[in-house]
Protein chains: 2
Amino acid sequence: MDTTQRTEQQRSADRRRRELLEAADRVVLRDGPQASMNAIAAEAGITKPILYRHFGDKSGLYAALAQRHTDALLNSLRAALDAPADRRERVEATLDTYLAAIEARPQVYRFLMHPAEGSPGGEQGFDVGKHAIPLLRRMGEELAQVIEDRLDLGPGGQQLARVWGHGIVGMMHAAGDWWLGERPCSRAELVRSLADLLWGRLAAAGDKVGGPGF
Amino acid sequence: MDTTQRTEQQRSADRRRRELLEAADRVVLRDGPQASMNAIAAEAGITKPILYRHFGDKSGLYAALAQRHTDALLNSLRAALDAPADRRERVEATLDTYLAAIEARPQVYRFLMHPAEGSPGGEQGFDVGKHAIPLLRRMGEELAQVIEDRLDLGPGGQQLARVWGHGIVGMMHAAGDWWLGERPCSRAELVRSLADLLWGRLAAAGDKVGGPGF
DNA sequence: TCTTGCGTGTTACTAGCGGTAACTCCAGTG
DNA sequence: CACTGGAGTTACCGCTAGTAACACGCAAGA
């Protein structure tokens with residue numbers, strides 16, 4: 001029951017845990033989102049049960065793995081959002097940061113976005129969004145907070161900021177996912193187009209002359 | 001090999017197929033996205049192998065099921081987009097149509113969005129977006145087409161329209177998913193907030209006085 | 001009428017998954 | 001020395017997607 005001893009054990013356990021997470025990272029990077037617990041255990045040089053002792057179940061491992069990347073990504077995004085520049089530049093920097101991240105490690109982010117959430121022995125029904133993609137939610141909430149803190153939106157601004165936070169994150173995610181699959185343009189062009197959208201160019205554009213009907 | 005005979009058989013097969021799809025619909029509506037092939041077969045009053053004879057594998061059944069709802073939803077969206085009203089009203093009507101649909105049948109749309117895509121014996125690697133959520137993609141492409149047809153965006157307008165199509169659909173989807181989970185406001189308020197975002201209110205809003213630093 | 005197909009359906013199985021129970025092994029302590 | 005507790009193993013359970021092989025019914029051809 002000595003404190004130093006307990007600390008020693010905990011340090012060892014933490015180191016193991018980090019090793020396991022790194023092994024899981026490698027497997028996910030290689031096999032994609034359908035990485036199995038067996039494969040991860042094998043990569044770590046051990047067997048399944050100790051993986052389960054460390055992380056509880058697959059969603060626990062997923063959560064731990066997700067937290068690492070989510071934290072790292074959110075830090076980058078915060079840095080971009082906090083840069084000393086005007087709003088447009090900050091928005092573009094944030095979009096570019098996210099897109100650069102998913103471009104650099106597509107499988108990791110696909111794993112984070114589509115955890116396959118196979119929890120067979122659990123609740124079911126109308127709990128839509130309960131176990132939903134935490135990365136997108138966290139990004140949405142953080143962005144909402146930034147928007148609410150920085151912008152003067154008048155009454156109802158808090159709710160507006162949350163809607164916008166989740167909406168913008170979803171826009172970024174979907175456009176990024178599509179862009180990653182088809183690569184129809186450069187990252188910079190994508191960033192500019194999305195920022196233009198947020199800047200109201202859709203509403204400002206003129207109707208096409210000779211259009212269909214009206 | 002008579003033609004009428006073949007037609008008779010095909011009609012019967014088509015009717016069976018429709019029955020099976022309706023049974024699958026019921027199960028998905030009841031059990032959520034993790035509906036098993038066994039459960040679907042049982043609901044239809046048959047057993048698994050004939051399900052597999054009709055649809056190949058689970059993704060085949062998913063694709064057939066998805067197509068029905070996707071087509072229905074896209075028709076509603078097209079109607080909203082084609083309504084004789086100004087642009088803002090059309091955008092709001094489209095958003096509202098989508099949100100009303102996911103509000104009416106949350107499980108169905110969760111099934112469509114998160115098909116769990118467990119294709120273990122297949123390709124893997126960098127094919128991000130290859131088997132990706134077809135509903136979102138189709139909506140994005142359709143919206144892109146409408147934008148490109150109706151708006152005068154100058155040179156590079158086609159690419160811009162596609163980016164915007166996928167981006168707006170993603171915004172709609174993410175915001176809707178979050179809203180379904182938390183229900184922080186009415187549907188009408190959500191629609192208004194999202195339309196405001198597209199109308200550039202984010203860019204136009206003033207900085208908060210007394211903000212953090214600058 | 002008997003037989004030959006063919007489509008429809010079944011039972012019974014494989015392989016692999018997430019997850020667990022129960023056992024072994026080894027370090028440190030009295 | 002005996003003992004206790006954590007690390008790790010084998011061997012299993014129940015479930016899934018998917019399949020092989022067999023049985024029934026019903027039309028056409030001799």
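What you are looking at is a predicted structure, and each value in this text was computed from that prediction instead of being measured. Below, each value reflects all heavy atoms present in this structure, side chains not excepted, and no hydrogens, waters or symmetry copies. So you know, we letter chains A, B, ... as the sequences are listed, proteins then strands, and number each from 1.
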Item to complete: Figure out the CD/C1' separation between B/Gln34 and D/dC15, and round it to whole Å.
Response: 13 Å

Response to the item:
Rounded to whole Å, the CG-C1' distance (A/Asp57 to C/dC17) equals 14 Å

Fill in: Any N/O donor-acceptor pair, B/Lys58 side-chain to D/dG18 base, under 3.5 Å
no

Practice prompt. Whole angstrom is fine here: how far is it from CD1 in B/Ile50 over to C1' in D/dA20?
Written response: 17 Å

Fill in: salt_bridge(A/Asp31, A/Arg26) N-O dist < 4.0 Å
no

Discussion item. Is the phosphate of D/dT9 approached by A/Thr47 (side-chain N or O, under 4.0 Å from OP1 or OP2)?
Written reply: yes

Response to the item:
Ordered by number, residues from residues 17-27 of chain A within less than 4.0 Å of DNA chain C (heavy atoms) are none

Worksheet item: Looking only at heavy atoms, what is the nearest atom pair of A/Ala203 and B/Arg87, with distance?
Response: O-NH1, 3.3 Å

Worksheet entry | Under-3.5 Å donor-acceptor pair between A/Arg53 side chain and D/dG6 base | no

Worksheet item: B/Asp31 CG to D/dC15 P: how many Å, rounded?
Response: 14 Å

Worksheet item: Roughly how many Å is it from CE in B/Met37 to P in D/dG18, rounded to a whole number?
Response: 6 Å

Worksheet item: Can you tell which of C/dT10, D/dT10, C/dG19 lies closest to the side chain of B/Ile46?
Response: C/dT10

Worksheet item: To the nearest angstrom, how far is A/Phe55 atom CZ from C/dG18 atom P?
Response: 15 Å

Worksheet, complete the sentence: Among the nucleotides C/dG18, D/dG18, D/dG8, whichever has the atom closest to the side chain of A/Tyr52 is C/dG18

Discussion item. Taking B/Glu43 first and then B/Arg30, would you say they form a salt bridge - that is, a charged N and a carboxylate O separated by under 4.0 Å?
Written reply: yes

Worksheet, complete the sentence: Among C/dG18, D/dT9, C/dT10, the one nearest any side-chain atom of A/Ser36 is C/dG18

Practice prompt. Give the angle between the helix axes at the two ends of the helix from C/dT1-D/dA30 to C/dG30-D/dC1, taking five base pairs at each end and rounding to 10°.
Written response: 40°

Item to complete: Answer yes or no: is there an ion pair linking B/Glu142 with B/Arg78, defined by an N-O contact shorter than 4.0 Å?
Response: yes

